[in-house]
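The structure appears below as structure tokens.
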Amino acid sequence: MRDAYHEELDSIGDSLVEMARLVGSAIGRATTAMLDADLKMAESVIAADQKVDDLQHDLEARAIALLARQQPVATDLRIVVTSLRMSADLERSGDLAQHVAKLARLRFPESAVPRDLHATILEMGQLAQRLMAKAAEVIITKDVDLALQLEQDDDEMDQLHRTLFQHLMDDRWKHGIETAVDVTLLGRYYERFADHAVSVAKRVVYLVTGEHADEIQAAGSTGPAPVGSAPVEGA
């Protein structure tokens, strides 16, 4: 019975990895659909979000059943509760990828992104995908050092977000109000997607150490902290 319990904990982790990989792929494909005005790809991203939702619902049901049947404590309890929170971050990431695809569909057969901003949006989409891939790796490896790096990586997304606003505020902007609104929304979608990837990584830090990432980073700024990829009981 105990083996079955730990297998169920492992399967929850597997579901989180699958969700992360699905939403990472979704943001990449949504970006392509946006820039190429590819309606078929946009529709596929929109439809595929249902699988992410289904995975989250299934994970929630299994996690709640474990809480009810096994009444886990200590590390095992952290795994279950933190997994529920991570699944919510990942589900929301899928929604954001779907929002990008829906905007691509709305503006078809045109692209919502002016040609002079294609490179910036492409870079944001690629970075979002890389951040989520790293979050998936963190879930698998429980590597605290790697998890803490994601927040630094997210600084690049924040800079790209600022670059978009610099274009929008430029007196030479010539693409109209509707396009300005589209670009503003897109910037927000990518910025929030990256935030969710960082949130997933921070939750892994808490799962492994029992401490919040911000506390560990604050301690590290004043001296060496005992941070590493410590093994997780029941993971």
Side-chain angles (χ1 to χ4, degrees), residues 12 14-61 83-114 117-139 150 153-154 156-158 160-161 164-165 168 178-201 203:
I12 288 174
D14 292 341
S15 293
L16 289 170
V17 173
E18 185 177 2
M19 289 179 72
R21 288 174 173 165
L22 285 172
V23 300
S25 173
I27 198 68
R29 291 185 296 115
T31 302
T32 299
M34 172 64 60
L35 297 178
D36 295 348
D38 187 330
L39 180 61
K40 184 176 180 180
M41 185 170 290
E43 294 285 11
S44 73
V45 173
I46 294 166
D49 187 56
Q50 185 61 49
K51 183 172 183 180
V52 176
D53 293 344
D54 290 344
L55 280 168
Q56 189 204 16
H57 296 158
D58 179 65
L59 187 152
E60 285 181 343
S83 294
L84 285 168
R85 291 174 175 171
M86 284 193 283
S87 75
D89 279 312
L90 294 168
E91 188 275 333
R92 183 56 185 150
S93 299
D95 287 345
L96 291 164
Q98 187 184 59
H99 292 339
V100 174
K102 285 183 175 180
L103 185 55
R105 181 176 66 181
L106 178 66
R107 300 303 177 210
F108 180 82
E110 304 298 327
S111 172
V113 180
L117 287 180
H118 271 216
T120 302
I121 293 297
L122 176 60
E123 193 172 353
M124 293 181 85
Q126 290 174 339
L127 178 58
Q129 193 167 5
R130 290 198 304 272
L131 285 168
M132 192 56 74
K134 189 175 282 190
E137 184 179 353
V138 167
I139 296 170
L150 257 78
D153 296 339
D154 184 47
E156 186 179 348
M157 183 66 81
D158 294 337
L160 289 168
H161 197 204
L164 280 186
F165 275 96
L168 291 169
E178 182 178 84
T179 301
V181 172
D182 288 346
V183 170
T184 300
L185 288 172
L186 277 175
R188 183 60 173 163
Y189 296 154
Y190 288 116
E191 189 264 340
R192 289 299 299 143
F193 188 99
D195 285 348
H196 283 296
V198 172
S199 179
V200 168
R203 295 190 195 285

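Given the structure is predicted, the values throughout are model-derived calculations rather than measurements.
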Checklist outcome for this item: Of all heavy-atom pairs linking Ala88 and Gln56, the shortest is CA-NE2, 3.5 Å
Checklist entry - Any side-chain heavy atom of Val183 within less than 4.5 Å of one from Pro114? => result yes
Checklist entry - Which heavy atom of Val45 sits nearest a heavy atom of Ala97, and at what distance? => result CG1-O, 4.0 Å
Distance-only donor-acceptor pairs under 3.5 Å for side chains of residues 15-24, two or more places apart:
residue, atom, partner, partner atom, Å
Ser15, OG, Ser11, O, 3.2
Ser15, OG, Arg62, NH2, 2.6

Checklist entry - Can you list the steps and then say if Val113 with Leu35 is a side-chain contact (heavy atoms from CB on, under 4.5 Å)? => result CA-CA 7 Å; Val113 180; Leu35 297 178; 4.1 Å; yes
Next on the checklist: Quick check: closest heavy atoms across Ala37 and Ser111, and the distance to 0.1 Å?
Outcome noted: CB-N, 4.3 Å
Checklist entry - For Ile46, does its backbone N or O pair with a side-chain atom of Gln98 as donor and acceptor, under 3.5 Å? => result yes
Checklist entry - So how far is it from Thr179 OG1 to Glu110 CD, rounded to the nearest 0.5 Å? => result 10.0 Å
Could you list the donor-acceptor pairs under 3.5 angstrom formed between side-chain atoms of residues 123-135 and any protein atom two or more places apart in sequence or on another chain?
residue, atom, partner, partner atom, Å
Lys134, NZ, Asp153, OD2, 2.6

Item to check | From CG (Leu150) to OG (Ser199), nearest 0.5 Å | outcome: 11.0 Å
Item to check | Interatomic spacing from CD1 in Ile12 to CE in Met86 - rounded to 0.5 Å | outcome: 10.0 Å
Checklist entry - So do Asp158 and Glu191 actually touch side chain to side chain, heavy atoms under 4.5 Å? => result yes
Item to check | side-chain hydrogen bond (donor to acceptor under 3.5 Å, both in side chains) involving Thr184 - partner list, sequence neighbours excluded | outcome: none
Checklist outcome for this item: One should read off an interatomic distance between Leu39 CG and Met41 CE, to the nearest 0.5 angstrom, of 11.5 Å
Checklist entry - Does the side chain of Leu185 reach to within under 4.5 Å of the side chain of Val181, using non-hydrogen atoms? => result yes
Checklist entry - Are Asp53 and Glu91 close enough, and set up right, to give a side-chain contact (heavy atoms from CB on, under 4.5 Å), and what steps lead you there? => result CA-CA 6 Å; Asp53 293 344; Glu91 188 275 333; 3.1 Å; yes
Checklist entry - What pair of heavy atoms forms the shortest contact from Ile27 to Thr31, and how long is it? => result O-OG1, 2.7 Å
Next on the checklist: With a 4.5 Å cut-off on side-chain heavy atoms, are Leu186 and Val100 touching?
Outcome noted: yes
Next on the checklist: According to side-chain hydrogen bond (donor to acceptor under 3.5 Å, both in side chains), who are the partners of His118, at least two apart in sequence or on a separate chain?
Outcome noted: Arg115
Item to check | Partner residues of Tyr189 under the ring-ring contact (aromatic ring centres under 6.0 Å, His included) criterion, sequence neighbours left out | outcome: His99
Next on the checklist: If I take atom CE from residue Met34 and atom CD1 from residue Ile121, how far apart are they, to the nearest 0.5 angstrom?
Outcome noted: 8.0 Å
Item to check | Counterpart residues, salt bridge (Lys or Arg N to Asp or Glu O under 4.0 Å), relative to Asp95 (two or more places apart) | outcome: Arg92
Checklist entry - If you measure from the Lys or Arg side-chain nitrogens to the Asp or Glu carboxylate oxygens, is any gap between Arg192 and Asp195 under 4.0 Å? => result yes
Checklist entry - Can Val138 and Val200 be said to form a side-chain contact (heavy atoms from CB on, under 4.5 Å), step by step? => result CA-CA 9 Å; Val138 167; Val200 168; over 6 Å; no
Next on the checklist: Quick check for you: to the nearest 0.5 Å, what is the distance between Asp54 atom CG and Leu59 atom CG?
Outcome noted: 12.5 Å
Checklist entry - Can Lys40 and Glu43 be counted as an ion pair, charged N to O under 4.0 angstrom? => result no
